[in-house]
Chemist: 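The following block contains the structure, expressed as C-alpha coordinates.
Atom set for the values below is all heavy atoms of this structure, side chains included, hydrogens, waters and symmetry mates excluded. Reminder, nothing fancy here: chain letters follow the sequence lines and each chain counts from 1.
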Number of protein chains: 2
Amino acid sequence: MEPSAFDTLFRALGDPTRRALFERLARSELTVRALTDGAGISQPAVSKHLAILKGAGLVLDRPQGRETHYRADPKGLAPLLDWMRLHETLWAGSFDRLDDLLKRMDQ
Amino acid sequence: MEPSAFDTLFRALGDPTRRALFERLARSELTVRALTDGAGISQPAVSKHLAILKGAGLVLDRPQGRETHYRADPKGLAPLLDWMRLHETLWAGSFDRLDDLLKRMDQ
DNA sequence: TTAATTCATAACCCCCTGGTTATAACAATC
DNA sequence: GATTGTTATAACCAGGGGGTTATGAATTAA
(Lines give C-alpha, C1' and ligand atoms only; values in the text may rest on other atoms or scores of the structure.)
Protein backbone atom coordinates (compact mmCIF):
# COMPACT_ATOMS: atom_id res chain seq x y z
CA MET A 1 0.00 0.00 0.00
CA GLU A 2 1.18 3.49 -0.71
CA PRO A 3 2.09 5.64 2.27
CA SER A 4 -0.55 8.07 3.47
CA ALA A 5 -0.09 11.80 3.99
CA PHE A 6 0.18 11.03 7.68
CA ASP A 7 3.02 8.62 7.04
CA THR A 8 5.08 11.03 4.97
CA LEU A 9 4.47 13.88 7.40
CA PHE A 10 5.28 11.96 10.57
CA ARG A 11 8.26 10.30 8.98
CA ALA A 12 9.58 13.63 7.70
CA LEU A 13 9.33 15.14 11.18
CA GLY A 14 10.67 11.99 12.80
CA ASP A 15 14.29 12.74 11.98
CA PRO A 16 15.94 15.27 14.34
CA THR A 17 18.24 16.69 11.67
CA ARG A 18 15.32 17.20 9.33
CA ARG A 19 13.22 18.78 12.05
CA ALA A 20 16.09 21.16 12.85
CA LEU A 21 16.21 22.23 9.21
CA PHE A 22 12.46 22.77 9.20
CA GLU A 23 12.66 24.86 12.36
CA ARG A 24 15.32 27.07 10.85
CA LEU A 25 13.18 27.52 7.74
CA ALA A 26 10.23 28.39 9.95
CA ARG A 27 12.10 31.49 11.05
CA SER A 28 13.41 32.66 7.70
CA GLU A 29 13.93 31.73 4.08
CA LEU A 30 17.38 30.28 3.47
CA THR A 31 19.50 28.97 0.62
CA VAL A 32 20.88 25.45 0.57
CA ARG A 33 24.32 26.89 1.20
CA ALA A 34 23.16 28.83 4.26
CA LEU A 35 21.39 25.73 5.55
CA THR A 36 24.47 23.59 5.02
CA ASP A 37 26.65 26.00 7.00
CA GLY A 38 25.88 25.11 10.58
CA ALA A 39 24.01 21.90 9.83
CA GLY A 40 27.04 19.71 10.53
CA ILE A 41 26.41 17.53 7.48
CA SER A 42 27.36 17.70 3.81
CA GLN A 43 25.50 19.71 1.19
CA PRO A 44 24.12 16.63 -0.60
CA ALA A 45 22.76 15.38 2.72
CA VAL A 46 21.00 18.70 3.21
CA SER A 47 19.57 18.55 -0.31
CA LYS A 48 18.20 15.07 0.35
CA HIS A 49 16.54 16.19 3.57
CA LEU A 50 15.04 19.16 1.76
CA ALA A 51 13.64 16.87 -0.93
CA ILE A 52 11.93 14.79 1.74
CA LEU A 53 10.55 17.86 3.52
CA LYS A 54 9.30 19.11 0.16
CA GLY A 55 7.68 15.75 -0.55
CA ALA A 56 5.87 15.98 2.76
CA GLY A 57 4.57 19.44 1.87
CA LEU A 58 6.42 21.06 4.74
CA VAL A 59 8.68 23.20 2.59
CA LEU A 60 8.58 25.29 -0.58
CA ASP A 61 11.51 26.01 -2.89
CA ARG A 62 12.18 29.09 -4.98
CA PRO A 63 14.99 28.67 -7.50
CA GLN A 64 16.76 31.92 -8.24
CA GLY A 65 19.80 31.84 -10.44
CA ARG A 66 22.23 29.22 -9.30
CA GLU A 67 20.90 29.11 -5.75
CA THR A 68 17.63 27.75 -4.40
CA HIS A 69 15.78 29.45 -1.59
CA TYR A 70 13.71 27.29 0.75
CA ARG A 71 11.02 28.30 3.22
CA ALA A 72 8.54 26.49 5.47
CA ASP A 73 5.01 26.01 4.20
CA PRO A 74 2.39 26.79 6.90
CA LYS A 75 -0.14 24.47 5.27
CA GLY A 76 2.24 21.55 5.64
CA LEU A 77 1.24 20.92 9.22
CA ALA A 78 -2.46 20.67 8.41
CA PRO A 79 -2.51 16.84 8.33
CA LEU A 80 -1.26 16.93 11.90
CA LEU A 81 -4.41 18.80 12.85
CA ASP A 82 -6.51 16.33 10.92
CA TRP A 83 -4.90 13.44 12.73
CA MET A 84 -5.45 15.08 16.08
CA ARG A 85 -9.07 15.66 15.23
CA LEU A 86 -9.40 11.90 14.71
CA HIS A 87 -8.40 11.42 18.32
CA GLU A 88 -10.21 14.21 20.02
CA THR A 89 -11.22 11.97 22.90
CA LEU A 90 -7.59 11.58 23.87
CA TRP A 91 -7.22 15.29 24.21
CA ALA A 92 -9.48 15.98 27.15
CA GLY A 93 -6.57 16.14 29.56
CA SER A 94 -4.52 18.42 27.38
CA PHE A 95 -7.35 20.76 26.57
CA ASP A 96 -6.30 23.65 28.77
CA ARG A 97 -2.82 23.67 27.26
CA LEU A 98 -4.28 23.82 23.77
CA ASP A 99 -6.47 26.67 24.98
CA ASP A 100 -3.36 28.51 26.12
CA LEU A 101 -1.84 28.04 22.70
CA LEU A 102 -4.88 29.55 21.04
CA LYS A 103 -4.88 32.53 23.38
CA ARG A 104 -1.24 33.27 22.66
CA MET A 105 -1.84 33.00 18.94
CA ASP A 106 -4.82 35.30 19.12
CA GLN A 107 -3.05 38.27 20.58
CA MET B 1 23.50 13.27 22.07
CA GLU B 2 20.56 11.49 23.57
CA PRO B 3 17.27 11.71 21.70
CA SER B 4 14.83 14.32 22.92
CA ALA B 5 11.20 13.74 23.87
CA PHE B 6 10.29 15.14 20.47
CA ASP B 7 12.47 12.59 18.75
CA THR B 8 11.00 9.59 20.54
CA LEU B 9 7.45 10.86 20.07
CA PHE B 10 7.73 11.66 16.38
CA ARG B 11 9.61 8.49 15.67
CA ALA B 12 7.05 6.42 17.54
CA LEU B 13 4.24 7.96 15.52
CA GLY B 14 6.22 7.74 12.31
CA ASP B 15 5.56 4.06 11.74
CA PRO B 16 2.11 3.29 10.26
CA THR B 17 1.79 -0.06 12.02
CA ARG B 18 2.61 1.55 15.34
CA ARG B 19 0.22 4.40 14.73
CA ALA B 20 -2.52 1.89 13.90
CA LEU B 21 -1.92 0.13 17.21
CA PHE B 22 -2.05 3.46 19.03
CA GLU B 23 -5.29 4.37 17.32
CA ARG B 24 -6.89 1.09 18.37
CA LEU B 25 -5.75 1.67 21.93
CA ALA B 26 -7.20 5.17 21.80
CA ARG B 27 -10.61 3.61 21.47
CA SER B 28 -10.36 0.88 24.10
CA GLU B 29 -8.00 -0.99 26.38
CA LEU B 30 -6.74 -4.21 24.78
CA THR B 31 -4.51 -7.15 25.60
CA VAL B 32 -1.47 -8.05 23.53
CA ARG B 33 -3.36 -11.03 22.21
CA ALA B 34 -6.30 -8.91 21.11
CA LEU B 35 -3.94 -6.44 19.46
CA THR B 36 -2.08 -9.21 17.67
CA ASP B 37 -5.30 -10.61 16.22
CA GLY B 38 -5.97 -8.33 13.30
CA ALA B 39 -2.61 -6.60 13.29
CA GLY B 40 -1.21 -8.77 10.51
CA ILE B 41 2.12 -9.25 12.27
CA SER B 42 3.49 -11.68 14.86
CA GLN B 43 2.98 -11.32 18.60
CA PRO B 44 6.66 -10.48 19.28
CA ALA B 45 6.46 -7.71 16.69
CA VAL B 46 3.43 -6.29 18.47
CA SER B 47 5.23 -6.46 21.81
CA LYS B 48 8.17 -4.56 20.37
CA HIS B 49 5.92 -1.85 18.99
CA LEU B 50 4.18 -1.58 22.35
CA ALA B 51 7.54 -1.19 24.11
CA ILE B 52 8.39 1.69 21.79
CA LEU B 53 4.99 3.34 22.29
CA LYS B 54 5.43 2.94 26.04
CA GLY B 55 8.91 4.45 25.84
CA ALA B 56 7.42 7.45 24.06
CA GLY B 57 4.83 7.87 26.81
CA LEU B 58 1.97 7.21 24.41
CA VAL B 59 0.77 4.05 26.09
CA LEU B 60 0.28 2.60 29.58
CA ASP B 61 0.37 -1.09 30.49
CA ARG B 62 -1.55 -2.88 33.20
CA PRO B 63 -0.29 -6.43 33.86
CA GLN B 64 -3.05 -8.69 35.11
CA GLY B 65 -2.25 -12.34 35.56
CA ARG B 66 -0.63 -13.73 32.46
CA GLU B 67 -1.99 -11.07 30.16
CA THR B 68 -1.06 -7.40 29.89
CA HIS B 69 -3.67 -4.78 29.13
CA TYR B 70 -2.57 -1.69 27.19
CA ARG B 71 -4.29 1.66 26.80
CA ALA B 72 -3.42 5.02 25.27
CA ASP B 73 -2.12 7.73 27.59
CA PRO B 74 -3.76 11.11 26.89
CA LYS B 75 -0.74 12.97 28.26
CA GLY B 76 1.50 11.30 25.71
CA LEU B 77 0.62 13.77 23.00
CA ALA B 78 1.52 16.81 25.13
CA PRO B 79 5.00 17.23 23.59
CA LEU B 80 3.28 17.61 20.23
CA LEU B 81 1.46 20.65 21.60
CA ASP B 82 4.70 22.00 23.00
CA TRP B 83 6.39 21.62 19.66
CA MET B 84 3.54 23.39 17.90
CA ARG B 85 3.75 26.21 20.37
CA LEU B 86 7.38 26.66 19.33
CA HIS B 87 6.19 27.34 15.82
CA GLU B 88 3.10 29.38 16.39
CA THR B 89 4.02 31.75 13.61
CA LEU B 90 3.63 28.96 11.10
CA TRP B 91 0.12 28.41 12.24
CA ALA B 92 -1.52 31.60 11.19
CA GLY B 93 -2.94 30.00 8.06
CA SER B 94 -4.28 26.99 9.88
CA PHE B 95 -5.80 28.94 12.69
CA ASP B 96 -9.43 28.57 11.70
CA ARG B 97 -9.10 24.82 11.42
CA LEU B 98 -7.62 24.63 14.91
CA ASP B 99 -10.49 26.78 16.09
CA ASP B 100 -12.92 24.28 14.63
CA LEU B 101 -11.19 21.52 16.49
CA LEU B 102 -11.52 23.37 19.77
CA LYS B 103 -15.21 24.05 19.19
CA ARG B 104 -15.89 20.39 18.51
CA MET B 105 -14.00 19.36 21.61
CA ASP B 106 -15.86 21.86 23.76
CA GLN B 107 -19.31 20.55 23.06
C1' DT C 1 1.40 -31.92 38.20
C1' DT C 2 0.93 -31.54 33.58
C1' DA C 3 -0.51 -29.04 29.76
C1' DA C 4 -1.83 -24.90 27.49
C1' DT C 5 -1.87 -19.82 27.14
C1' DT C 6 0.10 -15.27 27.27
C1' DC C 7 3.79 -12.24 26.97
C1' DA C 8 8.61 -10.53 26.62
C1' DT C 9 13.20 -11.25 25.15
C1' DA C 10 16.98 -13.08 22.35
C1' DA C 11 18.99 -14.00 18.07
C1' DC C 12 18.87 -13.33 13.52
C1' DC C 13 17.87 -11.26 8.72
C1' DC C 14 16.85 -7.98 5.22
C1' DC C 15 15.88 -3.65 3.71
C1' DC C 16 15.56 1.11 4.23
C1' DT C 17 17.64 5.31 5.59
C1' DG C 18 20.94 8.75 6.53
C1' DG C 19 25.44 9.67 5.73
C1' DT C 20 29.51 9.96 2.50
C1' DT C 21 32.28 11.23 -2.04
C1' DA C 22 32.12 12.05 -6.95
C1' DT C 23 30.11 14.35 -10.63
C1' DA C 24 27.18 16.85 -13.77
C1' DA C 25 24.28 20.96 -14.80
C1' DC C 26 23.75 25.49 -14.43
C1' DA C 27 24.84 30.35 -13.16
C1' DA C 28 27.79 34.07 -12.10
C1' DT C 29 32.17 36.18 -12.25
C1' DC C 30 36.73 37.03 -13.96
C1' DG D 1 35.85 31.61 -22.71
C1' DA D 2 37.59 30.00 -18.44
C1' DT D 3 36.87 29.66 -13.75
C1' DT D 4 34.47 29.58 -9.64
C1' DG D 5 30.24 28.79 -6.93
C1' DT D 6 25.71 26.50 -6.04
C1' DT D 7 22.68 22.69 -6.27
C1' DA D 8 20.91 18.09 -7.36
C1' DT D 9 21.77 13.41 -8.45
C1' DA D 10 24.27 8.98 -8.67
C1' DA D 11 26.71 5.40 -6.46
C1' DC D 12 28.01 3.53 -2.53
C1' DC D 13 28.34 2.14 2.53
C1' DA D 14 27.32 1.34 7.52
C1' DG D 15 23.85 1.16 10.94
C1' DG D 16 19.27 0.88 12.55
C1' DG D 17 14.69 -0.77 12.42
C1' DG D 18 10.97 -3.76 11.61
C1' DG D 19 10.06 -8.29 10.66
C1' DT D 20 10.72 -13.31 11.70
C1' DT D 21 11.32 -17.85 14.64
C1' DA D 22 12.77 -19.84 18.99
C1' DT D 23 12.50 -19.87 23.77
C1' DG D 24 11.74 -19.04 28.62
C1' DA D 25 9.00 -17.18 32.56
C1' DA D 26 4.73 -16.76 34.53
C1' DT D 27 -0.14 -17.79 34.90
C1' DT D 28 -4.22 -20.41 34.18
C1' DA D 29 -6.66 -24.59 33.06
C1' DA D 30 -7.15 -29.64 32.87
Chemist: Can you list every stem that DNA chain C is part of, counting only runs of 3 or more consecutive Watson-Crick or G-U wobble pairs with both distances under 3.5 Å?
Modeler: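 For DNA chain C the paired stretches long enough to count as stems (3 pairs minimum) are C:1-30 with D:1-30.
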Chemist: Hey, is A:R11 close enough to B:D15 for a salt bridge, meaning N to O under 4.0 Å?
Modeler: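 Salt bridge: no.
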Chemist: Please check the phosphate of C:dA8 (OP1 and OP2 only) for any side-chain N or O of B:Y70 closer than 4.0 Å.
Modeler: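 Yes, because at least one side-chain N or O of B:Y70 sits under 4.0 Å from OP1 or OP2 of C:dA8.
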Chemist: Nearest-Å distance, CZ (A:R19) to C1' (C:dG18)?
Modeler: 15 Å
Chemist: Output yes when B:D73 and B:K54 qualify as a salt bridge under the 4.0 Å nitrogen-oxygen rule, no when they do not.
Modeler: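 Here B:D73 does not pair with B:K54 in a salt bridge, since their nearest N and O are not under 4.0 Å apart.
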Chemist: Counting just side-chain N and O atoms, does A:T68 come under 4.0 Å of either OP1 or OP2 of D:dA8?
Modeler: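 Yes.
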Chemist: State, to 0.1 Å, how close B:S47 and B:V32 come at their nearest heavy-atom pair, and which atoms those are.
Modeler: OG-CG1, 4.0 Å
Chemist: Tabulate atom names and distances for all N/O pairs under 3.5 angstrom spanning the protein and nucleotides 24-30 of chain C.
Modeler:
residue : atom : partner : partner atom : Å
C:dA27  : O3'  : A:R66   : N            : 3.4

Chemist: Any heavy-atom pair between the side chains of A:L30 and A:L21 that's under 4.5 Å?
Modeler: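 No, too far: nothing below the 4.5 Å cut-off.
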Chemist: Mind running side chain to side chain contact (heavy atoms under 4.5 Å, CB included) on B:L35 and B:Q43 for me, showing each step along the way?
Modeler: CA-CA 9 Å; B:L35 285 169; B:Q43 173 266 314; over 6 Å; no
Chemist: Between A:L58 and A:L80, is there shared hydrophobic-cluster membership here, with clusters defined by ILVMFWY side-chain heavy atoms closer than 4.5 Å?
Modeler: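 The answer is yes; both residues are in one hydrophobic cluster.
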Chemist: Rounded to the Å, how far apart are B:R33 CZ and D:dT28 C1'?
Modeler: 14 Å
Chemist: To the nearest angstrom, how far is B:R62 atom CZ from C:dC7 atom C1'?
Modeler: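 Going from CZ in B:R62 over to C1' in C:dC7 covers 15 Å.
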Chemist: List in chain and number order the residues that pass side-chain contact (heavy atoms from CB on, under 4.5 Å) with B:A20, two or more places apart in sequence or in another chain; answer none if no residue qualifies.
Modeler: none
Chemist: Could you pull out all residues at least two apart from B:F10 that satisfy ring-ring contact (aromatic ring centres under 6.0 Å, His included)?
Modeler: B:W83
Chemist: Summarise protein proximity over nucleotides 10-23 of chain D in one line of letters, 5' to 3': B for base, S for sugar-phosphate only, - for none, counting protein heavy atoms closer than 4.0 Å.
Modeler: -B-----SSBBBB-
Chemist: Provide, to the nearest angstrom, the distance between the CG atom belonging to B:L50 and the P atom belonging to C:dT9.
Modeler: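 About 11 Å, once rounded to whole Å.
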Chemist: Would you mind writing out the side-chain donor-acceptor pairs for residues 64-72 of chain A within the sub-3.5 Å range, not counting sequence neighbours?
Modeler:
residue : atom : partner : partner atom : Å
A:Q64   : OE1  : A:H69   : NE2          : 2.8

Chemist: Any idea which heavy atoms bring A:S42 and A:T36 closest together, and the distance?
Modeler: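 Smallest interatomic distance, heavy atoms only, reads C-CG2, 4.1 Å.
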